[in-house]
Amino acid sequence: MTRYILRRLLQAIPLLFVISLVLFFLMQNMGDPIATMGGRNVTRSADRERLKRQLGLDKPIIVQYLYWLAGNDWAKADLDGDGIAETPGTRRGVLRGDFGLSLVNKKPVTQVIWERLPNTLLLMLTAEAMILIFALLIGIYSALKQYSTFDNIITTITFLFYSMPVFFFALVTMYIFAVNFKKWGLPYLPTVGMFEPTAGKTPLQVAWHMVLPTATLSFGFIAGYSRYIRSAMLEAMGQDYVRTAKAKGLPKPEIVYIHALKNAALPIVTIIALDLPFLLGGAIVTERIFGWPGMGRLFLDHVSRGDTPVVMGILMMIAVAVVIFQLIADILYAWLDPRIRYT
Amino acid sequence: MVIRQSTRLFLFVLVVVSMILAGCAQPATPAATQAPAATEAPAVTEAPSVTEAPAATEAPAERKVATFIWTQEFDTLNPYYTNMWFSSVTQQLYNCWAWDFDEANKPQPRLVTELPSVDNGGLSADGKVITMKLRDDIVWSDGTPITSEDFVFTYQMIMADRNTVASRNPYDLMEKVEGLDARTVVITFKEPYAPWVANLWRGLLPAHVLKPIFDQEGTIDTAEWNKAPTVGCGPFVFDQWESGSFTRFVANEKYWLGRPKLDEIFFRFVPDDASQIAALKAGDGDLGTFFAYSDLPELEAAGIKIINSFSGYNEGIYFNMHAEKGHPALKDVKVRQAIALAFDRQKLVDDLLLGRTKVAATDWDNTPYNDPSISPWPYDPEKAKALLDEAGWVDSNGDGVRDKDGVELVLKYGTTTREIRQDTQAVAQQQLAEVGIKLDLQSFDPDIFFASYAENGASANFSLDLIEYSDSPNFPDPDTSAWLCAEIPSDENPTGVNTSGLCDEELDALFKLQATQVDYNERVQTFNKITKMIFENVYWLGLWQDPDLFGVSSRLANVKISGVTPFFNIMEWDLAQ
Amino acid sequence: MNRRQVILDLKDLRTRFHIAEGTVYAVNGVSLTLHECETIAIVGESGCGKSVTMLSVMGLIPVPPGEIVSGQAFYRGRDLLALSEAEMEHIRGKELAMVFQDPMTALNPVLTIGRQISEPLRVHLNMDHATAQQRVIELLEQVGIPDPKNRMNDYPHQFSGGMRQRAMLAMALACAPSVLIADEPTTALDVTIQAQIIELVTRLRDALCMAVIWITHDLGVVAGLAERVIVMYAGLVVEEASVDELYDDPRHPYTLALLAALPRIDRRRDRRLKSIPGAPPNLLVMPHGCPFAPRCEFVFDRCRAETPPLLPVAIEHRARCWYDVVNGKPFE
Amino acid sequence: MIAVQAPSTEDAMQTSQPLVKVRDLRKHFPVRRGLIIERQIGSVKAVDGITFDIAKGETLGLVGESGCGKTTAGRTILGLYPATSGQALIDGIDVHHSNREAIKMLRRKAQMIFQDPYASLNPRWTVAGIIGEPLRVHNILPDPQARAERVKELMLRVGLSPQLINRFPHEFSGGQRQRIGVARALASNPSFIVCDEPISALDVSIQAQVVNLLEDLQDEFGLTYLFIAHDLSMVRHICDRVAVMYLGVIVELAERDELYEHPLHPYTQALLSAVPIPDPKKDRSRQRIILAGDVPSPLNPPPGCRFHPRCPIAMDQCSRIQPEWREVAPGHWVACHAV
Amino acid sequence: MESIAPPSKGSIANLSPDVLETPPLSLGQLTWRRFRRHKMANFGAIMLILLVLYAFGGAFVFSEAYANKTETGARLQAPSREHPFGTDTVGRDILARTIYGGQISILIGLTAMLVELVIGVTVGAISGFFGGLIDSLLMRITEAVIVIPQIFLLLVMAKYFAASIPNITILGRTFSGSVVVIILVIGVTTWPYLARIVRSQFLSIKENDFILAARATGTSTTEIIFRHILPNSIAPIIVSGTLSVASAITLEAYISFLGLGVRPPTATWGNMLEGAYNYIETAWWLWFFPGALIALIVLSINFVGDGLRDALDPHSRAI
């Protein structure tokens, strides 16, 4: 097992390397970070030249990548534009844990991400918990009551939710629960942010603000997962070993929750483990609509300003997370399914 | 069962961990706030703790708190590191300019005793040397006096090679900045520099805070002060910044012009207009800005007062007249006039902008240098058609689009993705189609649109024929480099900003002349000539005057807004009784 | 002949499946009796309803799509088909146990062998963990699994095919059931392993005095194992006789043909095999007349019109045929 | 196992000119593992040196329990798997070391019938396409019309109504499908057919149909069969000679009746005794040899005689020395120390 | 031929009569039958046809010029008799715009699916059939694309290509070049999932005896791939292709919603929503109609896809 993990991690290195290279190249043409610097004025030409030089954006792209990857403290840069490279670089490169500084706010990328990561995690994990609980409840119940009225209604609703684009669901819920509830004098849900700044970041505030984004994030997944769990359960319930368990005279709950669910859980666990890292990136759309100060919004803000270091940092973090979670999925799978043994 | 329990447990643990993380992430900023608070202990409430609901709950009756809604988050709070409009308008809160501008955009001395002028000896006759006399009572919020050393240090920081400041304009035109004594600063320009009033000392860096950092690290790019300027010189002092959520400023007890009437100002970051409008209407915010015109009636209905603050921005279309790369038709003044006449900009302003602003006649509308005798081209499609016929652009093949010598009059019209601009495009397309000009519409993200020629930016590479955006000159000064021949982007000059590609020798000479004219009236004369040239040749077609819109709730009193330094009198703002 | 008590009495069982393509008439009126400590074999080709019959008795037919249309199954006087699901749970695994064809799929891949064997012990005999463990070890020993103490913690995939079937047997025998239903337990196994299992079942049956119903398609397997043989075709019992009688004196044309179609390992090749024309019937259509009629070499008009009843043709020997194969003419 | 290939032995084995010659054929499947770069760490020795001939018109039975390598042997002989070593010649063509042309010719001459009548027919093709495939591929009948005629003939020959030519496999019963498979194998007029358990997936009443068909076809076209099966009764019925395989090697090879009446290898004896006889009296009176345990993994076959861990008469040397492949009676070959 | 030949002549007598009773049913017909029994799929299919009729038939009712006609005086009007869906921020008729926007959205869905199919099937087929080094290489590339969440990749790529988008004219209509960009970007980022499906299909079908039979017959590799394996893996490809149309439409809407999608004036259901949420309170019709249309078409395509899945593979009940 250790060997397997080691092997997978070693295999991930070239993968991540290639991804970073491709992304870095993609990002070079993604907009000029110093075109306006986020302002309403066009940056003046003298400042453009100077900033390009200072930020190292005048270097050939492969050199920029190299600096990003391995740092530039072994090279010298020409900062005053006299054609002589005299100032030693200070960056240590991704390989040494330095993701560089954001072009937008000059903060270290790790700090920029770290400020937002917990918010995203909070939202995502709550959503994931909702997803799991409801999907399991609905999925198992509708599998056991296959073709019942409940099953049919749930199937229709899940399809409806599954097909609805996130933003449409968000807009509709906002329209109903925030706009109209307020109009009708009912207690209405907040639509923006993580808490009222004046009220402070109290757990109650955060929980209250999480209602709509969590619902928006979860509904599609609940629908999808519950369909998945339903079919996995149905498949498991149709297996010979379930018949064997019945033939042994086991009570129904034991058959359902131990014999069937343990087998049905295998593909579900994999899917969850593979979906989790994607949640890390935050549902971009959800965070955008509800103004949730998470990774998704961070990504959008910095993409729109061509902030390569931050965007690269976010993407590489997610890539690493995906790799790790894929590995975790494999390990979990092996743990749950004794037939699988990695060597 | 086994699975469910363990999965739940797993999730529970994850949620708990993430909550802890969410909690842990905060001390990053408070740590910075508390450090100076410990040394200096200014009257910054009590050490602001996170879990405690700040102030408002403690003494709701006493503390006066105002909430501003910003649709973009500050990038940095160092005045020299940002170009961002939202950051720069906020500077009067926590930082200070040598002089700021009142609601009539007249300079008001703030750090200096009076504005330098030839009369008071502050300005040399050749316009090269400026001598500033500092006030005696100016202090940083930690009590340290503000001296000439801070000015010299600020100049050094702007010019330091390892500091990636946003702009060196106009400091790179200076020969030197010296402190004659603690209260006297002398600035020497290499050449006479007329627009100095508008561009000098837009912010000050505290030498006593940043110098040690600069000496140690060689740069202040990463200084904590940029994110948490707990030492400031504005009426308010920075207190806390929660990334993605809000920034809080509290009253500066040591402010030399008197403690502000408000105790706290929150800047709340909401990511979009709708949320901003909702918050303002709900009374969750006292001030917002950057509205779409269509939201104004609703805001007013909710009792929000709208203030149009002209800051020099005039939306307009630059014509691509590049010698080689432009559309041949646009080199003909008649065609450009025809476009001006065919586009009913008044209706556009009336309908899309709800008549809240005016059609811009010149690039200098609403600056002191404006030529009031010029009024916008009228809407006259018939005359436009006539001019086009005259110019030889007729629809010879009956496809509804005029052509000449086999070239169709199809113009590529590009702008950014801002909604009002895209809407304008759609309207323009329809109106120009009526006179036989076809528009090919394109829109780009700002950082792509404004990317330099070297980056193949849409506005700079001459691939478009009509380029719409609004760019302010160095408001309130009219100086701009957008018309200089030397600024035409090319392989040799990949960062040029002359997006029209126009090189008019006469215009070029006039621009160079105005920059050295220290005398106000002479400069106005020169600008009137420039304005007339641009207007009559239709080098630029104004669409609308683009004021900054501020919405202020009735809770706030004494609110005045300046176009240059919007919050110049923020210390007088108060909650209405 | 049988003075032993009847333990299982099946009367006119009919089971159908409602599937997308229509209704499958799987079992069309099966009656049979089983005595204590007796071994009977149900023989037939795939789809003849032999497994469905016993699954119906066990209440293991998924409903829907399955449906038990009629019939009774008396186990020691109680009609199993009339019992509630909860009542059946007490019978299944305790009184009637079942072993399935494919021990790979019939064992839960994610639970240890030991756990699966101990389940009936816990459920039916309320054994505590330690006692159950002890009993599992005994059971595994009994079915010939070496090193049961350690192997009980193995998962099914770690067992070979033969061992898995032994484990299945151990599981079925856990509560010392009165009736063991073995549904083609050796079909998926090699002959040498099959011999092992048959030998094991025979030994255990004799030791525990257990009634065994052995479902198979292999006439050879049955010969040395069962006392009585029931031949099924198209959801019907077509012939029923003691094992010696059936092989010596088959009376139904189908049984006759089956035996003739089998090559014999103990004989030199003397002839072509006799093949039965056509294919087993499509049970989507309710059989009309004798279901074997289309393939029967003795077929005559009546066969196509009427379904023959199960008639006694000799002592303890019944066949469902209008034709007297001994005398070469139809019955009167 | 052995690789004694003295020419004399060969001559002794064969009286007539063999159509198929297999010489010390081996097929090992590599097992790879590695940290980053995978290395071969061992191999599954599915077929580990088999030698036999099949005469023209003869049926050779290849029997053994599942996993003994008989299917791999059949496929390797046809060249569907590349051989690890050794040689297989079909009608003079070296299956593994010939040029494309020769291989293409071989594909016409040698055909295969599969065990699973469901998996071996492309469910998306009509009967016409399936049976006509060899005709099309080998350009025997490029014209679709002519091909359809020939397909109809073949269908008639295997007992299928030619009217069903445009039907899909799923519309047929198992026995009928197997006949489609037979017709496909016949299409290119082959001389040699590997029948890989062609009847084991069929119902008893259908098995006889297919076996009889195979026999008829052999008589009619003078076909040569390699009949792979685990059903020893059927093998006795259909085969002329029988080879018994165990763990990748042949342990005994003899004329049919000789083998069944005088099995010499203890494994053959056990195997035969385990086969049930549909005769209660005889079955009860038989002395069964019950083998202990299961077939070991071919990844690590036991040293010496591969059967020794389960052999009731194993001797000391059995675990050390591989028994020699000997002809103990004319045409009766066996590899056992005890014989 | 129905005549019974003597037993010695063998097997002709063994003809099974029951086969002749059933009418010949191709797999396609069987699929169609099963599909017809799927209620939701039928509903979806009808809905889908109606939506396509709406988008393409509507063009006969409203001209494109009308859809792009601005009437600044009549902006943001609520649904009325004259403008059943109301008007947008420059007074264009939303009904007409949803018609033309629908065309583009459907076009994007279909062509993005085609791009995805071409890449996905090729990569999956090559990878699954040949295995070995090619397989590892292709699968590493596939992983590399999968490792970055799609929406991130989409945004980055949409921005990457946004720099160079001339408008294009097809069939006398001018489209924003970003349509092509979006199609490519969606196609290029979605194929890995399909490639994996196709690969696993190839891997499992490759092991079938009929492939061995084809090889034993001497059928060439190309023929085995294209005539044997591909037709047998078509079911999941069709299903996933169908669902891809839905996801491409949604993805376009996401990117447009985030402001990086198809640029005006070319309308799509997605970019009609861009900025519309600023009017959530004031002009609900701005976001409601295009949003509801997207939800509807995605729903009906998903229904159809689910029906196809069941119809093509009666054993699978997976979502």
Side-chain angles (χ1 to χ4, degrees), chain A residues 1 142-152 155 229-270 329-343, chain C residues 51 54-55 57-65 85-113 115-125 153-158 164 167-168 171-175 177 180-181 183:
Chain A
M1 195 64 165
S142 63
L144 295 181
K145 307 271 170 191
Q146 195 190 5
Y147 302 129
S148 66
T149 322
F150 174 86
D151 183 34
N152 285 334
T155 303
I229 291 169
R230 176 179 178 273
S231 66
M233 276 302 284
L234 277 179
E235 179 162 346
M237 289 299 285
Q239 293 297 315
D240 284 356
Y241 51 77
V242 167
R243 194 177 59 183
T244 309
K246 272 179 101 176
K248 278 191 277 190
L250 296 189
K252 185 138 187 172
E254 199 154 332
I255 295 173
V256 172
Y257 293 112
I258 292 180
H259 282 266
L261 187 58
K262 195 161 182 202
N263 280 282
L266 296 176
I268 298 168
V269 164
T270 319
D330 285 349
I331 294 167
L332 264 183
Y333 204 101
W335 177 60
L336 285 169
D337 188 343
R339 286 167 294 187
I340 311 283
R341 280 285 169 266
Y342 299 110
T343 45
Chain C
S51 292
M54 291 328 292
L55 288 172
V57 171
M58 289 289 280
L60 295 177
I61 297 290
V63 183
E85 182 63 25
E87 287 168 313
M88 264 318 275
E89 275 172 13
H90 292 293
I91 305 264
R92 283 198 292 254
K94 191 176 182 217
E95 309 287 340
L96 284 80
M98 199 157 175
V99 176
F100 298 98
Q101 174 176 348
D102 185 351
M104 183 71 238
T105 59
L107 287 169
N108 195 324
V110 302
L111 300 175
T112 60
I113 295 281
R115 154 143 205 162
Q116 296 189 58
I117 297 177
S118 70
E119 275 173 343
L121 297 172
R122 282 192 298 104
V123 173
H124 297 302
L125 306 178
N153 295 320
D154 280 0
Y155 289 93
H157 72 277
Q158 288 161 295
R164 267 180 235 143
M168 278 294 286
M171 201 157 76
L173 299 177
C175 301
L180 174 71
I181 301 164
D183 187 359

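Naming: A, B, ... by sequence-line order, numbering from 1 per chain.
- Here the side chain of C:His124 pairs a donor or acceptor atom with the backbone of A:Lys248 at under 3.5 angstrom.
- Side chain of A:Thr244 to backbone of C:Ala106: a donor-acceptor contact under 3.5 angstrom is found.
- The contact between C:Leu96 and chain A is made entirely by backbone atoms, counting heavy-atom distances below 4.5 Å.
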Review point. Going through the distances and angles, do C:Glu119 and A:Glu254 end up as a side chain to side chain contact (heavy atoms under 4.5 Å, CB included)?
Key: CA-CA 10 Å; C:Glu119 275 173 343; A:Glu254 199 154 332; 4.0 Å; yes

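- The shortest heavy-atom contact between C:Met58 and A:Ala247 is CE-O, 4.0 Å.
- Shown here is A:Gln239, whose CD atom has more than 12 heavy atoms of other residues, nucleotides or ligands within 6.0 Å.
- Side chain of C:Arg92 to main chain of A:Lys246: a donor-acceptor pair is present (N/O by atom type, distance under 3.5 Å, no hydrogens or angles).
- Heavy atoms of C:Gln101 lying under 4.5 Å from chain A are absent altogether.
- Proximity to chain A (any heavy atom under 4.5 Å) is restricted, for C:Met171, to the side chain, taken from C-beta onward.
- Of the possible polar contacts, one joining the C:His157 side chain to the A:Pro338 backbone as a donor-acceptor pair under 3.5 Å is found.
- Scanning both residues, A:Ile258 and C:Arg115, for their nearest heavy atoms gives CD1-NH2, 3.3 Å.
- The choice from C:Val123, C:Val110, C:Leu55, C:Thr105 that makes the most heavy-atom pairs within less than 4.5 Å of chain A is C:Val110.
- Interface summary for chain A: among C:Cys175, C:Gly93, C:Pro109, the most heavy-atom pairs under 4.5 angstrom belong to C:Pro109.
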